[in-house]
Amino acid sequence: MVLILAACGSPGISPEASTSASQAASSASASAGEVAEIEWYVGLGTGTNPEQIPVQEAEVDAFNADHPNIHLTLTVVDSEQAEQDLATRMPTNPPDIIGPIGIRGLQGFGDNLLDLTDQIDAAGVDRGSIEDALWDVYQLDGKQIGIPMAVYPSFIYYNKSLFDEAGLAYPPHEVGEQYEGQDWTWETVRDLAMQLTVDANGNDATSADFNPASIEVWGLDAQFTNNDPRAWSTIFGGSGSIVADDGTTAQWPDNWRTGLQYFYDGMWTDHFIPTKAELDAIEPGGNSFQTGRIAMDVVHQWYTCCVRPAEGDPPVTDWDIAVLPTGPDGTITSKLHADTVGILDTTENPEAAFEVLNWIRQNPALLQAWGALPAITDQRGDFFAGLDETFAPLEIDWEVSTQMLEYPDVPSHEAFMPNFNEANAANGEFGSRLWTTPDIDLDAEIDAHLERLQGIFDEAS
Amino acid sequence: MATAPGPAAGPLATVAPPRTGRFSGPNGRETATGILFVAPWIIGFVAFSALPMLASLVLSFTDFDPRQADEIRFVGAENYARMLSDPTLIKASAVTLRFALIVVPLSLAFALAVALMVNSTLLAGRNVFRTLFYLPLQIPIVASTVVWIGVLNVSNGWLNLGLGAIGLPAVDWLNSTFWVHPALAIMGLWGIGNMMLIFLAGLQSVPTELYDAARVDGAGVWARFRHVTLPMISPVLFYNLIIVLIATFQYFTQAYVITNGRGDPGGETLFFNLNLFREAFQFYNMGYASALAWVLFVVVLGLTAILFRTAGSWVYQGSGER
Amino acid sequence: MTSAVTPRLLPRDAAASAVRRPFRRFLAIAGFTLFATMVVSAFLMPLLYMTSTAFKDPNQTSTPGAPLYPATPDTFTFQGEEYPVYQVPTDDGLMAWALIEPHREDSVFIDPADPDAGPITWVGRWRTLEQNWTFGLDTGNFARAWEILDFPRMFFNTFAIAALSTIGAVASAVLVAYGFSRFRFPGRNGLFLLMLATIILPFQVTLIPTYAVFFALGWVGTWLPLIIPHFFANAYNVFLLRQYFLTIPRDLDEAAMIDGAGPFRILRSVIIPQAIPGIVAVSLFHFFWAWNEYFLPLVYLQSAPDLQPLSVGLGRFNALYSAEPTVVQAAALLAMALPVIVFFFAQRAFMRGVVFGGVEK
């Protein structure tokens, strides 16, 4: 049996057997002045955009010029195909470094990542330069699988022109600030968003004459959260977990039910949030804010990648960012994304790979190209200055981003679930249903979904 | 050069040509020559296909996870047993069968109709028409799927705008559990270029004499189609049937791209092979996926074998299959 | 219709019927061609949508009320800023005014004909106004696609991979199909079914072992995995050619055999000439399949960007979070140009082949 497998994939289908030996060997050989081959695999997260690839290539060339003992190669794979491609390669020909990769992506490959604890200490990485909470994100089963590289708080991008047209004041930039005498809560946002939502006859969503079939502008969206009910629940309901404290029971906390109901009603009853079909009609790529037809959009810091007009006249000429409102649990929650790079434990050159990793994670040119807010606190000023240059003459209030970083979702909306990939797929199907189906009893749907999730969780044990 | 077929042969006359000459019985020399010609495929099979196929069969009895190749365990028939109680699989199989029942006859009929049309002497500019019907196959899949998502959109898709222009209501093609199969079937019709071309090649080789003879016998358009065209192109019809059957049971790419592999809406596009893909590359249950593949394999191979058995009764063999 | 009836009233003399027959045939051709044109128009509607998208400014698709054809909004430049022009109903009739400050119930316009008159406040809802558009093809998407992808090199790669694999696939398929269709040998049917079996097993489960084989051979990062296997005949092509060969009357082989021709000569001088349409079909079939093949080149050539075909390059415009539908369509149209030309000419050869084949059409 195993013989046949070994025969069909002769060189190292069982990497484990050879890894420890080759690690020892390669450490020795690297020190003997040989060139270590390191392959860096991009495609599991950002880094595949046409304008990012040349920056990555240039930085890799620069690295190679400075490091005669390491030969770094860059592999960029279409993000749609990357997971399948990587799985195809892993048994025989795995790359050394993968990333940038988000928290969710790590759940898929976490078991394959090298524990970096010793190397972090040996290389003298200054742990204090990064917030403690971020280090914890990459703690998995006692392993430190990554060094925090980039963080992306979420906040509200708003289109100033649409506020001007409606004659409404801009949303608050400071936590605690009121909006037109109202506390800045999701209820206030609903009222505001309905006034911003307008149909082809110029009626807003609060008007009796409003026609939901001809909406031209929607007050609110949470774009790129495609089908993820955990993300929606977190945005509009606050932090929560789909897994109870016992680690095995599926649950949907009350604040998540409230949050999800808000989102669902926003689409199907109050019409200030676009549905899937409406989004497809205005922008099949999902980049709805860029169309100029969304007044407020909850997106992460990394969205600076794509709000920038690619070519021609941008429909969004004037935008800024605002803080998130208080949720039903009485707190502000800024759904947090984070990116890092990791080393696959099959690498033959762990030391050289770590040297590359340590270079990638603090390379300002790469972080700028990815729109990645540096995890290293000292680098953030320069990063925002770089963004100001990009977006001039607009002056974006980056203080908002810094404030929102204080309110991350804990636990993460992308956190571990038993039987992760299957549970994640089930969540996606549930999300699709909410996104495309009017008139459902949400509480009953959640309960039915929990039953299914419980079955998936139970399979894990 | 080559001669035309026998004079004034009716459709039935050529079905059983006289079997004379050196090729009439098997002998050592014929065997050797036959094997020699088939050898390239045998070599390629051994070199590139046999091992991977065998490996996947072996993997179907393991818990293989490509991320943890070294932790592979033999699990006996567990993967096969699991299928019996996998509700997703049952749904996926039903969806696939239902889809196949629409798509196989529809695409065969459409491809044949188009082939007849672009083969007709009544059509001016046949070359242009053939090229136009083949065009969609030359569009890269990444682009054509984006096109279809746009065309099928409920509010501003061109298909619904067209329906609206003739007074029909808008249909939410891609988000309705009822309409998504028709939508995918329409998309599928866009890819009939190859089938059309193959039918066309078949139509080209029907000897004109047969039509003349039929006309002399007083056969009308339908009778000529039924008794001359259909029997004479039955070999390529048979080919198209087998290929479209295999392709439909492996239906995957469009469904994957349109729904991001989730099988939306409501699992209606979670086809057998998409489910297999999810097991293999999203859940990393490669062992289970391999077992699924081999079950599909046995079913489709069985269907194919049955079709080959029945072929003798309806597929015309000009040279007399022996 | 009436003109079709008219000749019937003429005296039935030879001259009249000589006129009538071609005329009726002409009408039949015209009618049938018109019908076919309608069918093909409906069939290609998505292609028209695609072409139209490729020539649109990326923002046009998302603008409410924008026309379906590629167009640019009419604008008027006032104090250095560009403003869109709308049809505004006024006491003096419909005026083409530029909208400089939109509000819900009243908006500020400027009259391009008389900008010195200054801003005009118009009471009413600007969203109900019709915007002025001018038809115009935006070639920016093509320029952007051309700038990002190295088209000449990718064309070369795509063509080389597709052409080489087609040569191998067709040559080997002709031989193998000849073997399966014209010779009897023990185990022939079993072998044929085994060949079909290779395409019945879903490729997803043989992907990893196949990759392992090519990696072991050292072929990863080269064109070899995309070309060499096709030199050993694949089931689709062999099956099709076998079906085609079976329709060729055996009398022809036997006549040649009596003249003393061996199996190779029969293949060359009898089978191949008779089967030109089938062979052309298989060649086109394989060529376009190879032209558009996406996943395998992505897997095997990811470490060698210089060797990648167009299909892989096109994926870049579909990147996570920044899909550019208009550029995807423009790049796809560029990528299609060559195959369409190839097909058109191959199609003519296809017809000629039939004539050479001796079966009179």
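Every chain is numbered from 1 and lettered A, B, ... according to where its sequence line falls, protein lines coming before strand lines.
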*Evaluate whether atom CD of B:Q68 has more than 12 neighbouring non-hydrogen atoms of other residues, nucleotides or ligands under 6.0 angstrom away.*
yes

_Contact winner vs chain B - A:N424, A:N112, A:N419, A:T437, heavy-atom pairs under 4.5 Å_ = A:N112

*Any side-chain heavy atom of A:W435 sitting closer than 4.5 Å to one from B:D264?*
no

*Using a 4.5 Å cut-off on heavy atoms from C-beta on, say whether the side chain of B:R262 contacts that of A:S432.*
yes

*If every non-hydrogen atom of A:A281 is compared with every non-hydrogen atom of B:S155, which pair is closest and at what distance?*
CB-OG, 3.2 Å

*Select one option (side chain, backbone, both, neither) describing which atoms of B:F61 are under 4.5 Å from chain A's heavy atoms.*
neither

*Locate the shortest heavy-atom distance separating B:R67 from A:N421; write the atom from each residue and the value.*
NH1-ND2, 4.2 Å

*For each of B:D65, B:I149, B:N175, B:V257, tally heavy-atom pairs with chain A at distances under 4.5 Å, and name the one with the top tally.*
B:N175

*Calculate, to the nearest 0.5 Å, the distance between atoms CD and CG belonging to A:E278 and B:N153 respectively.*
9.5 Å

*Proximal component of A:N227, with respect to chain B [non-hydrogen, under 4.5 Å]*: side chain

*Is the closest side-chain heavy-atom distance between A:E83 and B:F281 below 4.5 Å?*
no

*Hey, what do you get for CG (B:L174) to OG1 (A:T436), rounding to the nearest 0.5 Å?*
11.0 Å

*Is A:E422 close to B:N285 at the side-chain level, that is, under 4.5 Å between some pair of heavy atoms?*
yes

*Do the side chains of A:M90 and B:Y284 get nearer than 4.5 Å, heavy atoms only?*
no

